[in-house]
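Proteins get letters first, then strands, A, B, ... in listed order; numbering begins at 1 in each.
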Number of protein chains: 2
Amino acid sequence: MKDVAQHAGVSTATVSRVLNGHAAPTPETRERVLAAIEELGYRPNALARSLRTTSTQTLGLVISDLLNPFFAEIARAVEDEARSHGYCVVIGNADESAEQEATYVRTLLDRRVDGLLLCPATDDPELVREVSAGGVPLVLLDRTVRGATCPVVRADGSEALTALARRLVGAGHSRIGVIAGPPNTSTGRERSDVLVGALGGLAQVVHGDFRQESGSQAAAKLIDGGATALVAMDNLMGLGALGEIKTRGLRIPHDIALAVFDDQPWFPLLDPPITVIAQPTVEMGRAAARSLLALINGQQPDDVRLTAKLVLRGSLGEAEL
Amino acid sequence: MKDVAQHAGVSTATVSRVLNGHAAPTPETRERVLAAIEELGYRPNALARSLRTTSTQTLGLVISDLLNPFFAEIARAVEDEARSHGYCVVIGNADESAEQEATYVRTLLDRRVDGLLLCPATDDPELVREVSAGGVPLVLLDRTVRGATCPVVRADGSEALTALARRLVGAGHSRIGVIAGPPNTSTGRERSDVLVGALGGLAQVVHGDFRQESGSQAAAKLIDGGATALVAMDNLMGLGALGEIKTRGLRIPHDIALAVFDDQPWFPLLDPPITVIAQPTVEMGRAAARSLLALINGQQPDDVRLTAKLVLRGSLGEAEL
DNA sequence: GATAGGTGTGTAATCGATTAACTACGCCCT
DNA sequence: AGGGCGTAGTTAATCGATTACACACCTATC
């Protein structure tokens, strides 16, 4: 910057003003400075700028698993929305591990992100408290924690799950296997609670960990237990369940019915296409980013609750007619 | 930091020394400083540190599309490897747009990332030159550019493509539709060049853009053109082709054979399972990260060429027997 | 007991920007 | 002519760390 100033025959202050579009510099000076910048190929150092202004124009996003297309899509939406407001997003991958999540959150805070979006790995409020104590704007996404004190953006699947339960019961299924998420995550608990409640005693629950492998194992256990219908509470566990069903040579929906929470582009391609509860992922990501930006700007955004929708495709069999 | 120093009754220099594990401070001082840090909940400002040391411990990764599971997996691997070496990764999503890619690259350079991994959207070497001119370590991943002067990490599918061509020809297919990537990307060009060459005149090529929609359109065109076999050069276009095949009610492999470049966890679940050319994505990501770290440490890593493998699963029909 | 050498800390410059406070230079008005 | 005022630009403090250099103190040696 000093070089640019020298080159243009002005002080660094003037260069800075030109850079930041301040009113002061005369058009002529401005021209000279811009020419110098161009000539020297100067690019301002964002670190120095941030240090001085205490604003990094960066959001942190800590998600549970980048490999999960659900989160990838969310990340994409967050990034889109943030960019359209001039913000960058730094993504941290927690790998469903609370420790790694904490490490990442601290790293991002150390780098002074302007705000943080978190999909908490567990419902332990400790980390959230730590961030809030640091005074950094925080929004929870997809999952919440016990006694959360910050805005939360999530999808509400109650209605869809209830409708799904009604269909399954109506079709005469009496042993319905629920492949639930980990009980220490809000989504893991709530989704299965709602479904189990609506199934009124017909449900058998096995908890997985939102990963493919656990989906296969849970499916195996439930099929062995005599289930005639399976509901996987997340797309990766759904993938695992499908694998197990295929391995055993069972036919959907003839031998076993299946529904999955989370839609994926390839679900309609299966034979039969898979019935799902589709979450408005893109909207969730955008809404979360918007809430966070509002928070950063000193507003008090409300919680956002979007509704997930039941999409019938055929994998429940007659139940769908 | 000043507060911590005051609290411990030492100077900021000593605090800094404790923080950075310098030999100097006596165990007793060290204790006092650590206690003060603990008590005040002090966390060092990474921006200030980076400004002073000109090292951010951060790698930039600019990929074409986070929604593409291939790139998501790569991102994951890069992140893993980087983290294990104490580096963070900032991911930029270029959305297959050269402009957005350039914007992101510049933003990352402004933030002084220690090195950059790039999956270039086009094979135009201009951006690469710009980065190199800035003296920032750069490694290209998956794709290369014309006359690249930096290390490149990619998968070589020639062998697998040739084997695939042999099988298709051997099975008597005489009109083979190739759904290629954009001709201005190295992977888009090279993959189809190899395959078309190996098919010796039996190929019909339609270029897509590595997105689902273009896969459907290309498939439609090729099927209308009388193709009895399709090869999609990337998983998203493969997904599109599958959709088109399903829409038309065609049966694989009876009515049409299909193979896809890039494996996906759900390909084995289809009926029949899809034959693919599988790339070692995780290894690519890790290798790229390692090359970049080597470059940062002043070494001169070689290009890395991993081999993609043909995985026969049944979607080619008799050709596979 | 003076000197050399080693050790633990402090002082202050520095990284590259932003910005408050100040200066210098017209220009207008009485 | 002189005072007031607006404007363009400069000087220097600042953000929060790192680190070269200086300094004080202690110990070992002759």
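Summarising the geometry, the separation between CE on A:Met1 and P on C:dC15 is reported as 14 Å, rounded to the nearest angstrom. The distance between atom CG of B:Asn20 and atom P of C:dT9, rounded to the nearest whole Å, is 16 Å. Atom C1' of nucleotide C:dT19 and atom NE2 of A:His22 are separated by 8 Å, given to the nearest angstrom. Taking atom CD of B:Glu28 as the reference point, atom P of C:dT7 lies 18 Å away to the nearest angstrom. Atom C1' of nucleotide D:dC15 and atom NZ of B:Lys2 are separated by 10 Å, given to the nearest angstrom. B:Leu51 has its CG atom 8 Å from the C1' atom of C:dA17, to the nearest Å. Summarising the geometry, the separation between CZ on A:Arg49 and P on D:dT14 is reported as 22 Å, rounded to the nearest angstrom. When rounded to the nearest whole Å, the span between CG of B:Asp3 and P of D:dG16 equals 10 Å.
Nucleotides of DNA chain D nearest to A:Thr26 and A:Thr12 differ in position, and the one nearer the 5' end is that of A:Thr26. The residue among B:Arg30 and A:Ala46 whose nearest nucleotide of DNA chain C is located toward the 5' end is B:Arg30.
Which of C:dA12, C:dT19, C:dT9 sits closest to the side chain of B:Arg17 comes down to C:dT9. The B:Thr14 side chain lies nearest to C:dG10 when the options are C:dG16, C:dG10, C:dA13. Comparing C:dT19, C:dC15, C:dT11 by their closest approach to the side chain of B:Ser11 singles out C:dT11. Comparing D:dG16, D:dT18, D:dT10 against the side chain of B:Thr53 picks out D:dT18 as the nearest.
Counting any heavy atom pair closer than 4.0 Å across all strands shown, A:Val15 reaches no nucleic acid atom. Backbone-only contact: A:Thr29 has heavy atoms under 4.0 Å from sugar-phosphate atoms and none from a base.
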* salt bridge (charged side-chain N to carboxylate O under 4.0 Å, His left out) between B:Asp95 and B:Arg211, worked out -> CA-CA 10 Å; B:Asp95 243 334; B:Arg211 286 197 146 98; 3.1 Å; yes

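Look at B:Arg189 and B:Asp123 and you find a salt bridge, because one of the NZ, NE, NH1 or NH2 atoms lies within 4.0 Å of a carboxylate O, short of that distance.
The minimum heavy-atom distance between A:Gly285 and A:Ala77, with the atom names listed, is CA-CB, 3.9 Å.
A donor-acceptor contact under 3.5 Å links the side chain of A:Arg52 to the base of D:dT14.
Checked by atom type, the side-chain pair B:Asn68/B:Asp234 shows a donor-acceptor distance below 3.5 Å.
Counting only distance, with no hydrogens or angles, the side chain of B:Asn93 and the backbone of B:Leu66 share a donor-acceptor pair below 3.5 Å.
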